[in-house]
Asks: 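Sharing a structure below in structure tokens format, with a few things to ask.
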Number of protein chains: 2
Amino acid sequence: MSKELDFGETLRARRMAQAKDNPAFSLRKVAERVGIEPSYLSKIERGEQPPPGEENIRRLAEELGENPDMLLALAGKVAGDLLAIIRERPTVVAELLRTIRRMPDKRVSEISRQIRDGDW
Amino acid sequence: MSKELDFGETLRARRMAQAKDNPAFSLRKVAERVGIEPSYLSKIERGEQPPPGEENIRRLAEELGENPDMLLALAGKVAGDLLAIIRERPTVVAELLRTIRRMPDKRVSEISRQIRDGDW
DNA sequence: CATGGTGTGTAGTAATTACTACACACTTAT
DNA sequence: ATAAGTGTGTAGTAATTACTACACACCATG
């Protein structure tokens with residue numbers, strides 16, 4: 001079984017992978033590009049501090065080539081635009097989400113595709 | 001045009017409607033059943049304080065016969081179980097939500113129904 | 001006129017969130 | 001051996017969240 005990576009571990013793993021053949025991926029350099037203190041990033045990577053706010057998570061995702069929604073989820077958060085979609089029409093959207101809750105990923109993706117394609 | 005009701009106004013309107021023919025819906029009585037301070041509820045209803053936490057919103061919804069998802073949305077929040085659904089499978093669910101974003105309510109409900117019915 | 005019930009005003013608070021600033025120790029390259 | 005770069009330790013902070021506790025003023029009723 002592959003080990004479950006938490007937010008900090010994922011960041012470190014991704015950054016280390018890049019750092020291996022690119023010196024621009026030192027903790028300090030990444031922190032600077034993202035716009036946070038190196039010590040803060042250090043603590044986050046080691047899980048000593050909780051994950052940062054959405055904006056900084058997005059910048060980290062961009063920087064490290066990770067999917068922002070994925071990274072936000074690892075941080076225990078949900079993207080602001082998705083929250084807005086739910087808040088605009090809470091009952092219908094809630095119904096939809098609770099309906100697809102137990103479906104396999106594949107099925108959910110298929111539904112999205114078919115809706116977009118109008119195969120419906 | 002009907003006026004846009006915010007969270008506090010909605011609470012007050014709903015409570016007043018019940019209070020009209022049921023003395024158990026005074027601010028104090030409702031507050032007590034919900035388990036919060038009357039002064040706190042007063043401030044919330046008048047928008048002097050921001051909406052309470054999810055649990056108390058749910059109790060208020062129950063008490064006043066309102067839809068919890070609706071009331072949570074008016075409070076600028078999203079139900080915890082929905083957040084969990086997204087966090088469990090961030091990418092597929094995000095894709096679905098962004099896909100249905102611009103569709104009419106009716107269409108979204110229809111999709112939910114068809115998925116449940118297996119009309120697919 | 002006091003008692004019970006109504007809503008509200010004032011003054012707090014503990015916990016959480018999202019960070020900054022700076023100093024320190026260690027390694028490596030010149 | 002010193003300079004530059006690495007990660008980390010310590011010590012804060014401002015803002016927000018989610019409330020409590022209690023006193024006050026008003027109104028109606030016995």
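Every heavy atom of this structure was used, including side-chain atoms; hydrogens, water molecules and symmetry mates were not. Residue numbers begin at 1 in each chain, while the letters A, B, ... track the order of the sequences.
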Asks: CD1 of B:Ile44 versus C1' of D:dA18: gap in Å, rounded?
Replies: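 Nearest whole value for this atom pair: 9 Å.
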Asks: B:Glu37 side chain: which of D:dC19, C:dG7, D:dA21 is closest?
Replies: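 Ranking D:dC19, C:dG7, D:dA21 by closest atom to the B:Glu37 side chain puts D:dA21 first.
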Asks: Test your reading of the model: is there a side-chain donor-acceptor pair from A:Glu88 to the backbone of A:Ile85, 3.5 Å cut-off?
Replies: no
Asks: When rounded to the nearest 0.5 angstrom, what distance separates CD in A:Glu32 from CG in A:Leu27?
Replies: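 Those atoms lie 12.0 Å apart.
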Asks: Should the side chain of A:Ser26 and the base of D:dG5 be counted as holding a donor-acceptor pair, with the cut-off at 3.5 Å?
Replies: no
Asks: Please state how far atom CD in A:Gln49 lies from atom C1' in D:dG7, giving the value in whole angstrom units.
Replies: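 Checked: the CD to C1' distance equals 16 Å.
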Asks: Can you measure A:Leu27 atom CG to D:dT8 atom P for me and round it to whole angstrom units?
Replies: 7 Å
Asks: Nearest to the B:Tyr40 side chain among D:dC19, C:dT20, D:dG9, which nucleotide is it?
Replies: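 Given the options D:dC19, C:dT20, D:dG9, the side chain of B:Tyr40 is closest to D:dC19.
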Asks: Starting the side chain at C-beta, find the nucleotide from D:dT6, D:dT10, C:dT8 nearest to A:Glu48.
Replies: D:dT10
Asks: Please test A:Arg46 against A:Ser42 for side-chain hydrogen bond (donor to acceptor under 3.5 Å, both in side chains), starting from the C-alpha separation and ending with a verdict.
Replies: CA-CA 6 Å; A:Arg46 286 173 297 129; A:Ser42 170; 2.9 Å; yes
Asks: Starting from P on C:dT17, measure out to CD1 on A:Ile36 and report it in whole angstrom.
Replies: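 Going from A:Ile36 (CD1) to C:dT17 (P), I get 17 Å.
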Asks: Side chain of A:Ser42, base of D:dG7: donor and acceptor closer than 3.5 Å?
Replies: no
Asks: Which residue, A:Pro51 or B:Met16, contacts DNA chain C at a nucleotide closer to its 5' end, judged by nearest heavy atom?
Replies: B:Met16
Asks: Heavy atoms from C-beta onward define the side chain here; which of D:dC19, C:dT20, D:dA21 lies closest to that of B:Ser39?
Replies: D:dA21
Asks: What integer distance in Å separates A:Glu32:CD from C:dC19:P?
Replies: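 About 17 Å, once rounded to whole Å.
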Asks: Between A:Glu55 (CD) and C:dT17 (P), how many Å, whole number?
Replies: 19 Å
Asks: C:dG12 P sits how many Å from B:Lys43 NZ, rounded?
Replies: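 These atoms are roughly 13 Å apart.
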Asks: Taking side chain to side chain donor-acceptor pair (under 3.5 Å) as the test, write out the residues that go with A:Arg28, two or more places apart.
Replies: none
Asks: Among residues at least two apart in sequence or on other chains, which ones pass salt bridge (Lys or Arg N to Asp or Glu O under 4.0 Å) with B:Arg33?
Replies: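 Only B:Glu63 meet the salt bridge (Lys or Arg N to Asp or Glu O under 4.0 Å) criterion with B:Arg33.
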Asks: Is a donor-acceptor pair below 3.5 Å formed from side chain A:Lys77 to base C:dT17, judging by atom type as modelled?
Replies: no
Asks: Is it true that the side chains of B:Arg14 and B:Thr10 contain a donor and an acceptor less than 3.5 Å apart?
Replies: no
Asks: From the set C:dT20, D:dT20, D:dT8, return the single nucleotide nearest to any side-chain atom of A:Arg46.
Replies: D:dT8
Asks: If you look at every strand shown and take non-hydrogen atoms under 4.0 Å, does B:Pro50 touch a base, only sugar-phosphate, or nothing?
Replies: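 Here B:Pro50 touches no strand at all.
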Asks: A:Leu41 has an atom CG; how far is it from atom C1' of C:dC19, in whole Å?
Replies: 13 Å
Asks: Taking only the side-chain heavy atoms of A:Lys29 (C-beta and beyond), determine which of D:dT20, C:dT8, D:dT6 contains the nearest atom.
Replies: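 From the listed options, D:dT6 comes nearest.
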Asks: Looking only at N and O atoms, is any donor in the side chain of B:Arg28 or the base of C:dG5 less than 3.5 Å from an acceptor on the other one?
Replies: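 Absent.
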Asks: According to a strict under-4.0 Å criterion, is B:Arg15 in side-chain N/O contact with OP1 or OP2 of C:dT6?
Replies: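 False: B:Arg15 side-chain N/O out of range (4.0 Å or more) of C:dT6 OP1/OP2.
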Asks: Does a side-chain N or O from A:Asn56 land closer than 4.0 Å to OP1 or OP2 of C:dC19, or not?
Replies: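 Yes, A:Asn56 has a side-chain N/O under 4.0 Å of OP1/OP2 on C:dC19.
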